[in-house]
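What follows is one structure encoded as structure tokens, with my remarks underneath.
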Amino acid sequence: QLFSDPAFLLLAAVIAVGEGDGADALRTAALLRAEGIRVRLDSSDADVRFAVLIGETERRLGQVRLKDMADRSERVVDIEEAIYILEKYS
């Protein structure tokens, strides 16, 4: 199966939290994809290692909340640090 190959699995889901219009999520997903990181918007049934959450606080600070779904840890980082972390798993 092509899609069971780990090379084709998504690494992260980018999720807008709260009342945002999703524009920040779209921009963030585009930045991650430009770095070769496989992401999708939203989390509906996505089997991903990371969730990249963008809420009001993160939006205001220009950061993202990066949640590791494997160990349930999370941290607030700027997009450059998120890219650095995610590239380790790509």
Q. Are any side-chain N or O atoms of Glu58 and backbone N or O atoms of Gly55, one a donor and one an acceptor, separated by less than 3.5 Å?
A. yes
Closest non-hydrogen atom pair, [X] against [Y]:
| X | Y | answer |
| --- | --- | --- |
| Arg59 | Val17 | NH2-O, 4.2 Å |
| Gly36 | Ser90 | O-OG, 4.5 Å |
| Ile85 | Arg75 | CD1-CZ, 3.7 Å |
| Ala13 | Asp42 | CB-O, 3.1 Å |

From [X] atom [atom1] to [Y] atom [atom2], the distance as rounded to the nearest 0.5 Å:
| X | Y | atom1 | atom2 | answer |
| --- | --- | --- | --- | --- |
| Asp68 | Glu74 | CG | CD | 10.5 Å |
| Thr57 | Gln63 | OG1 | CD | 10.0 Å |
| Arg40 | Ile15 | CZ | CD1 | 9.5 Å |

Q) More than 12 foreign heavy atoms under 6.0 Å from CZ of Arg33: is that the case here? A) yes
Q.
Working note: Val64 + Val77, criterion side chain to side chain contact (heavy atoms under 4.5 Å, CB included); need CA distance, chi angles, decisive distance, verdict.
A. CA-CA 6 Å; Val64 299; Val77 297; 4.0 Å; yes
Q: Among Ile83, Val39, Ile79, find the one that has a side-chain contact (heavy atoms from CB on, under 4.5 Å) with Thr28.
A: Ile79
Cluster question for you: counting only ILVMFWY and a side-chain heavy-atom cut-off of under 4.5 Å, with indirect links fine, are [X] and [Y] together?
| X | Y | result |
| --- | --- | --- |
| Leu31 | Phe50 | yes |
| Val76 | Tyr84 | no |
| Met69 | Val14 | no |
| Ile54 | Leu11 | yes |

Q) Do Arg65 and Val52 come close enough that some side-chain heavy atom pair is under 4.5 Å? A) no
